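Heads up, the thing below is written out as structure tokens.
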Amino acid sequence: MPKHADNDRAHPLAGSGAAGGASGGLESRRTGALKGSVRVPGDKSISHRALMIGALAVGESVIDGLLEGEDVLSTAAALQALGAELEREAPGRWRVHGVGVGGLSEPAGVLNLGNAGTAARLLMGVVASHPFTSFFTGDASLRARPMGRVAAPLESMGAQIVPRSGCRLPLAVLGAESPLPISYRLPVPSAQVKSAILLAGLNAPGETTVIEAHPSRDHTERMLRHFGAVLSERNEADGAHAISLVGQPELSGCAVSVPGDFSSAAFALAAALLVPESAVTIENVGLNPLRTGLIETLVEMGGAIEIVNRREHAGEPVGDIRVRASALEGVEVPAERAPRMIDEYPILAVLAACGRGRTVMHGLAELRVKESDRLAGMARGLAAAGVSVTEQEDALIVEGCAGPPPGGATIPTRLDHRIAMAFLVLGMVAERPVAIDDGAPINTSFPGFVSLMIKLGAAIDGSR
Ligand code: S3P
């Protein structure tokens, strides 16, 4: 059962033993080279979508490689509360008995999505076009995150959203009796908002269109096609990208193989680049081009990264990443690249701190509304570890130490898994150890992170 649940809930998957992993404070310190081949857990974005779209399909879907982190278990529990049946057959192997598009039923309790923003926003979309009322809540981090960005388009499709102040959770979604298809231009680049609208559009007659200025991750589009939905895409005169979905399709249950999460692989990749003489292979990683902006950036910085064994699973590109320790140079990371690497800035900031010269990351305003304010969190944490850093409204400037940063700090993780993992990587190369106050958030996306890094040769222990 997710350990972050801070209000009562009977988790239907309690006892599955699936999430497990780091808890309490953790500390990492310098060691010798990292070596070996590893696989990281399944992609979080794809796992959420496989469960949700499987639940809306007719018949059974079998999902392999599902991420069994707390965020995805929250989605599984919510879908069960909404009337779908899910069985965990083996580690990572789940069977979903779908109810068909529009076939979900009113949940008897509150849907508690824990720390999972993707689960909350996508499921708000799913239930917005079902004629019943659902109540949503989450942990302190999720309850602080803005939901107006999904509420606005869902209300124009006929749903009513009743939130607390600032359009935050807890909130109620009164689903539309007769959902309307809409055409909607995203005011912020967000795959979660795009996906919420497309998932609501599944149960609306006619064509639902989402227009985005900069393409964001397209896992929903790929997964819907994999289950048999018809989507079309076109470029607008102003260069924006429009995606249209024909509503009320018959989705057919199918097999899904979830690749390893690139955003989790990024931490092992970064550690291997930074720890001298390392050589690591991360196998079976999802390489969707709308996720891999970090590779482009690291290659520009001088990182020795090679992709081999390219293939495709469930409509997603997959491959193995080979990485060798490299001397990194500072770069300018353009704002237009942000949607393709939005979750990788915490670890990029650590990489930049260990490189030579200045790295400037532009277009980071969205980082302020992630699991924590990551822009402030990275700036404060790096400064505490002796790195020279400037935080701007939507940019971060890091002066590389051209070698091991001083370290010697304890970083508050503020319920943010990526802040936790980024600073543990910093401790693997810093002169003095780096501690985090709470390792538990790592279980939301990367159960087994500590043991995987130790297997490669890293030194990580409980800090108290
Ligand atoms: C996600 C989209 C991104 C990303 C998040 C996962 C998704 O959020 O940061 O970790 O699975 O759709 P935004 O849509 O807010 O950019």
Side-chain angles (χ1 to χ4, degrees), residues 41-53 66-67 69-72 74-75 113-126 138 141-142 144-153 167 169 184 186-200 210 212-224 243 258-259 261-267 286 288 290-294 316 335-348 363-375 377 394 415-422 441-442 444-446:
D43 185 282
K44 180 153 72 73
S45 295
I46 297 175
S47 295
H48 284 301
R49 286 154 172 88
L51 289 178
M52 290 180 200
I53 298 172
L66 190 85
L67 169 65
E70 289 169 358
D71 277 13
V72 175
S74 293
T75 286
L113 285 320
N115 192 252
T118 305
R121 294 193 176 122
L122 270 59
L123 285 169
M124 283 173 66
V126 168
S141 153
L142 187 57
R145 298 180 69 183
M147 294 296 153
R149 53 181 62 197
V150 264
C167 206
L169 264 51
Y184 190 78
L186 295 179
V188 284
S190 168
Q192 292 177 352
V193 179
K194 169 177 68 175
S195 301
I197 298 167
L198 293 174
L199 292 171
V210 183
E212 48 184 4
H214 295 290
S216 62
R217 65 186 70 192
D218 61 354
H219 302 303
T220 302
E221 295 91 304
R222 289 174 189 254
M223 189 66 72
L224 283 168
I243 304 121
V258 180
D261 197 323
F262 179 79
S263 297
S264 297
F267 296 101
N288 184 312
L290 296 171
R291 292 284 298 281
T292 51
L294 180 71
E316 292 279 353
E336 64 81 21
R337 199 178 294 162
R340 285 183 284 122
M341 54 177 293
I342 193 67
D343 291 335
E344 277 58 78
Y345 287 99
I347 193 61
L348 177 61
L364 304 189
E366 275 295 297
L367 290 194
R368 298 204 180 271
V369 290
K370 294 296 178 188
E371 286 81 333
S372 68
D373 178 345
R374 288 183 175 158
L375 197 37
D394 73 342
L415 295 176
D416 192 323
H417 53 135
R418 300 199 203 285
I419 296 287
M421 290 185 276
I442 294 172
T444 62
S445 69
F446 199 160

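Note that ligands are numbered from 1 as they come in the structure, with each ligand's atoms numbered from 1 the same way. Quick caveat, the model's predicted, so the values are computed rather than measured.
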- request: Test R217 against every option in D43, D343, N288 by the side-chain hydrogen bond (donor to acceptor under 3.5 Å, both in side chains) rule and name the one that passes.
  value: D343

Nearest neighbour in protein (non-hydrogen) for atom 10 (O) of ligand 1: D343 OD2, 2.8 Å

statement: Filtering V369, I46, T118 for the heavy atom nearest atom 6 (C) of ligand 1 leaves T118

- prompt: Is the closest N or O pair between I342 and ligand 1 shorter than 3.5 Å?
  reply: no

message: Counting non-hydrogen protein atoms only, what is the nearest one to atom 14 (O) of ligand 1? Give residue, atom name and distance.
response: S190 OG, 2.6 Å

F267 side chain reached by R418 side chain, heavy atoms, under 4.5 Å: yes

query: To which of K194, R49, H219 does the heavy atom nearest atom 7 (C) of ligand 1 belong?
result: R49

field: Best match, R418, R291, H417, Q192: closest heavy atom to atom 2 (C) of ligand 1
entry: Q192

- prompt: Under the salt bridge (Lys or Arg N to Asp or Glu O under 4.0 Å) rule, what pairs show up with a residue in residues 187-200, not counting sequence neighbours?
  reply: K194-E212, K194-E221

field: Salt bridge present between E366 and R149 (N-O < 4.0 angstrom)
entry: yes

- request: Please report which non-hydrogen protein atom sits nearest to atom 3 (C) of ligand 1, along with the residue it belongs to and the distance in Å to one decimal place.
  value: K370 NZ, 3.8 Å

message: Can you confirm whether Q192 sits close enough to L122 that some side-chain heavy atom of one is under 4.5 Å from a side-chain heavy atom of the other?
response: yes

message: Does any part of the side chain of M421, heavy atoms only, come nearer than 4.5 Å to the side chain of S445, both counted from C-beta?
response: yes

- request: Check each atom of ligand 1 against the heavy atoms of S45 and keep those under 4.0 Å away; list them by number with element.
  value: 6 (C), 7 (C), 11 (O)

